[in-house]
Asks: 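Take a look at this one; I'll ask things after.
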2 protein chains.
Amino acid sequence: MRPTTKDLAVAAGVSLATVDRVLNGRPGVKQHTIEKVSEAIRKIGFERNISAANLAKQKTYTFLFLFPETGDEFLDELIFKIREVSQAFTADMISADVRRIDASDPHKVANCLAGLGNDEVDGVAVMAPETPPVRDAMNRLTERGIRAVSFLSGRPQNSDTDYVGIDNHAAGATSAHLMGRFIGPKKGSILVVTETMQARDSIERRLGFDAVMNRDYPDLHPLPSLETYGHQERTQLVVANAFSNNSDIVGAYVLSAEARTPVEAIIGMPGASDVVCIAHERTPFTESALKANQLDAIIAQNPGHLVRSAIRILRARCDSREPLASQEKIRIEILLKDNL
Amino acid sequence: MRPTTKDLAVAAGVSLATVDRVLNGRPGVKQHTIEKVSEAIRKIGFERNISAANLAKQKTYTFLFLFPETGDEFLDELIFKIREVSQAFTADMISADVRRIDASDPHKVANCLAGLGNDEVDGVAVMAPETPPVRDAMNRLTERGIRAVSFLSGRPQNSDTDYVGIDNHAAGATSAHLMGRFIGPKKGSILVVTETMQARDSIERRLGFDAVMNRDYPDLHPLPSLETYGHQERTQLVVANAFSNNSDIVGAYVLSAEARTPVEAIIGMPGASDVVCIAHERTPFTESALKANQLDAIIAQNPGHLVRSAIRILRARCDSREPLASQEKIRIEILLKDNL
DNA sequence: CAAATTTTGAGGTACGTACCTCAAAAAGAG
DNA sequence: CTCTTTTTGAGGTACGTACCTCAAAATTTG
């Protein structure tokens with residue numbers, strides 16, 4: 001049988017009250033006694049029964065996903081998953097909600113984070129560009145005892161904040177590898193399109209992509225990144241320009257999660273059916289484009305895993321546990337028609 | 001606040017004792033009362049606090065993984081993961097163990113299953129070929145209240161037993177797709193190697209592989225499956241024979257989890273560096289072969305996910321809950337050098 | 001050495017559920 | 001209508017932990 005606090009008290013030669021004081025960091029215990037208890041914990045392998053503790057504390061975990069106001073189908077899918085996962089986690093006394101704010105304004109994000117009360121929320125998953133105000137606000141949250149993770153975007157480099165999402169450099173490298181192999185012996189240029197190169201994920205994907213292209217596929221020339229800014233007409237224009245300026249386009253890589261507009265522009269170009277086209281994230285659109293052979297592969301991260309991972313990490317941090325790293329590494333999925 | 005049994009009693013207009021009788025299926029309650037309580041459950045959205053219930057019941061989940069005695073590196077990895085995951089799940093009062101038996105003898109497997117006591121084990125994940133004795137033994141286990149899932153091999157087709165593992169038909173199809181694209185415009189034969197075609201997973205992978213090859217890549221001809229029976233000399237022989245009988249081999253697909261022997265035989269053949277080679281499962285060997293460009297892709301299933309999924313499904317079944325299907329579908333991972 | 005202070009122990013209640021007993025109420029049988 | 005049986009209620013204890021109070025013991029201070 002698993003040892004309880006009672007067993008621990010006996011093993012440490014102290015009373016239950018003292019064990020309680022030590023376990024919950026209450027004052028008025030001699031250093032020597034603390035050590036006696038700590039040693040007994042190791043000796044008998046005591047592990048606090050978190051369920052029982054949460055029951056006694058009436059603890060419920062409340063987590064918040066802070067998402068941008070504007071978003072693509074992938075964001076919708078994430079929000080749907082949060083509701084689904086939240087449902088499934090009620091048994092674990094966890095509830096998760098979504099709040100959407102204008103992520104383009106770092107101060108709004110920071111203000112929102114600053115306005116969160118300790119009684120209101122136990123942890124936040126923030127999806128917003130990494131800017132000093134946001135980083136500061138997240139650090140201040142942590143100081144106040146509210147856990148924070150970076151969700152998909154904006155992993156602070158030199159911070160110890162947890163990050164939930166794929167390794168974007170590796171994702172770009174994987175795209176390049178796949179594209180190089182799919183294109184085969186042909187030579188030519190590669191179109192690279194994104195919503196904005198301001199976003200950290202786009203930058204990293206591009207770097208990974210270029211690294212592999214340069215190293216392994218010298219016959220392929222990635223063109224400078226085209227930015228769509230999310231506007232359909234602009235996308236149409238820059239893609240058409242790129243095709244008319246480069247008659248040798250053999251591949252297209254859409255960096256951003258918003259794939260629909262760029263992909264539709266690309267497949268509308270003459271001769272586009274011979275262009276190997278790779279995009280990110282599984283959405284109703286990318287899925288049907290893959291089935292219709294308009295896309296050759298999708299580089300994806302599983303929305304359900306992302307959401308669950310964020311919640312597991314936040315919960316672990318709330319319990320002062322270390323998350324299981326091997327479980328929380330989000331895999332880069334390669335989707336083809338046959339493994340959708 | 002989440003409604004408790006007390007709230008439920010008030011809402012149903014009955015006493016706590018009656019609520020308890022209904023919730024735990026104890027006898028001596030009028031049908032009409034049961035319905036009153038059930039309706040109140042729906043009305044106030046009552047959900048049993050499983051942590052509290054398990055605490056009261058002193059319930060701990062004990063799960064067993066039944067694995068073959070002989071196995072490859074992938075099996076070792078699985079066993080390692082079971083220990084790791086078991087550790088992480090102690091907080092949830094779950095413990096998982098491994099028992100290894102001679103899986104080639106269905107009766108030994110069946111006997112082992114039959115010998116499991118209800119007090120000893122709550123659920124079993126069985127990795128053994130699907131044979132009538134095993135299927136029967138699993139059904140009888142279920143009847144005795146011990147949950148069972150098929151792990152990787154031997155999903156009974158017409159049974160409602162849960163299955164943990166990838167869709168092997170889709171995995172074969174994915175391999176074919178990838179191989180077709182990687183080989184490009186060349187024509188030729190494809191070597192297909194496996195430990196044994198007796199195994200259901202090999203059969204299904206082969207079917208999926210052939211389906212896509214026939215449909216999409218008419219210039220590629222998959223050869224009849226070579227069986228190694230796990231013997232190194234035999235492998236060497238059949239592979240060498242295949243190469244000397246077929247001068248146009250452009251691809252090789254290793255179906256089975258044991259990839260080392262076949263892959264080593266293949267890369268030892270003259271001209272093998274031009275052969276696109278795809279194998280299953282990530283192991284130290286396949287990983288290094290991928291990095292060394294000896295393998296072009298690995299089709300994998302994540303051992304950690306497999307183990308966790310099996311445990312989550314068993315736990316859900318023990319609690320008479322439905323597992324979350326979208327979480328438990330094991331994804332077919334495509335591993336390239338860049339997303340290892 | 002006594003007084004003040006710190007440290008420890010003993011005991012309680014609570015969380016939400018399970019499971020038990022015993023008595024009271026309701027329903028059915030004759 | 002009485003007697004038997006079924007159904008229900010009231011109350012208790014327990015699980016492992018948290019958190020509280022009060023007194024006793026140990027230690028430090030003057």
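To find a chain, count down the sequence lines: A is the first, B the second, and so on, and within it residues start at 1.
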Asks: I want to confirm an ordering. Mapping B:V19 and A:N54 to their closest nucleotides on DNA chain D, which one lands closer to the 5' end?
Replies: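 Counting from the 5' end, the first nearest nucleotide belongs to B:V19.
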Asks: Would you kindly compare A:A52 and A:V14 by the position of their nearest DNA chain C nucleotide and give the one closer to the 5′ end?
Replies: A:V14
Asks: Give a yes or no on whether the backbone of B:D20 and the side-chain of B:N24 come within a donor-acceptor separation of less than 3.5 Å.
Replies: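 Confirmed, B:N24 side chain pairs with B:D20 backbone.
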Asks: Using salt bridge (Lys or Arg N to Asp or Glu O under 4.0 Å) as the criterion, point out the one residue from A:R147, A:K59, A:R144 that pairs with A:D122.
Replies: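 Among A:R147, A:K59, A:R144, the one meeting salt bridge (Lys or Arg N to Asp or Glu O under 4.0 Å) with A:D122 is A:K59.
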Asks: Counting only heavy atoms and a strict 4.0 angstrom limit, can you tell me which residues of residues 24-39 of chain A come near DNA chain D?
Replies: A:N24, A:R26, A:K30
Asks: Taking any atom closer than 4.0 angstrom to a non-hydrogen atom of chain A, what span of DNA chain D does the protein reach, first nucleotide to last?
Replies: D:dG16 to D:dT27
Asks: Can a donor-acceptor pair be found, under 3.5 Å and without considering hydrogens, that links the side chain of B:S38 to the backbone of B:I34?
Replies: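 At least one qualifying donor-acceptor pair exists.
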Asks: With no hydrogens and no angle check, just 3.5 Å: does a side-chain donor-acceptor pair link B:N302 and B:R308?
Replies: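 B:N302 vs B:R308: no donor-acceptor pair found between side chains.
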Asks: Which is true for A:A53 with a 4.0 Å heavy-atom rule: it touches a base, it touches only sugar-phosphate, or it touches nothing?
Replies: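 Here A:A53 touches the backbone only, sparing every base.
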Asks: Quick one about B:Y61 and B:N54 (side-chain donor to acceptor, distance below 3.5 Å, no hydrogens or angles considered), yes or no?
Replies: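 Yes, a side-chain donor-acceptor pair sits under 3.5 Å.
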Asks: Is there a donor-acceptor pair closer than 3.5 Å between any side-chain N or O of B:R100 and the backbone N or O of B:E69?
Replies: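 Pair found, side chain donor or acceptor close to backbone of B:E69.
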Asks: Test B:D162 against every option in B:R315, B:K329, B:R317 by the salt bridge (Lys or Arg N to Asp or Glu O under 4.0 Å) rule and name the one that passes.
Replies: B:R317
Asks: Do A:E84 and B:S326 pair up side chain to side chain, a donor and an acceptor below 3.5 Å, judged on atom types alone?
Replies: yes
Asks: Quick one: are the ring centres of A:F67 and A:F151 less than 6.0 Å apart?
Replies: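 Centroid separation for A:F67 and A:F151: below 6.0 Å.
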Asks: State whether a side-chain donor-acceptor pair under 3.5 Å links A:Q301 with A:E333.
Replies: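 No, no side-chain donor-acceptor contact under 3.5 Å.
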Asks: Just to be sure I understand the geometry, which residues of residues 41-51 of chain A put a non-hydrogen atom under 4.0 Å away from DNA chain D?
Replies: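 The stretch gives A:F46, A:E47, A:R48, A:N49 as the residues lying under 4.0 Å from the strand, ordered by number.
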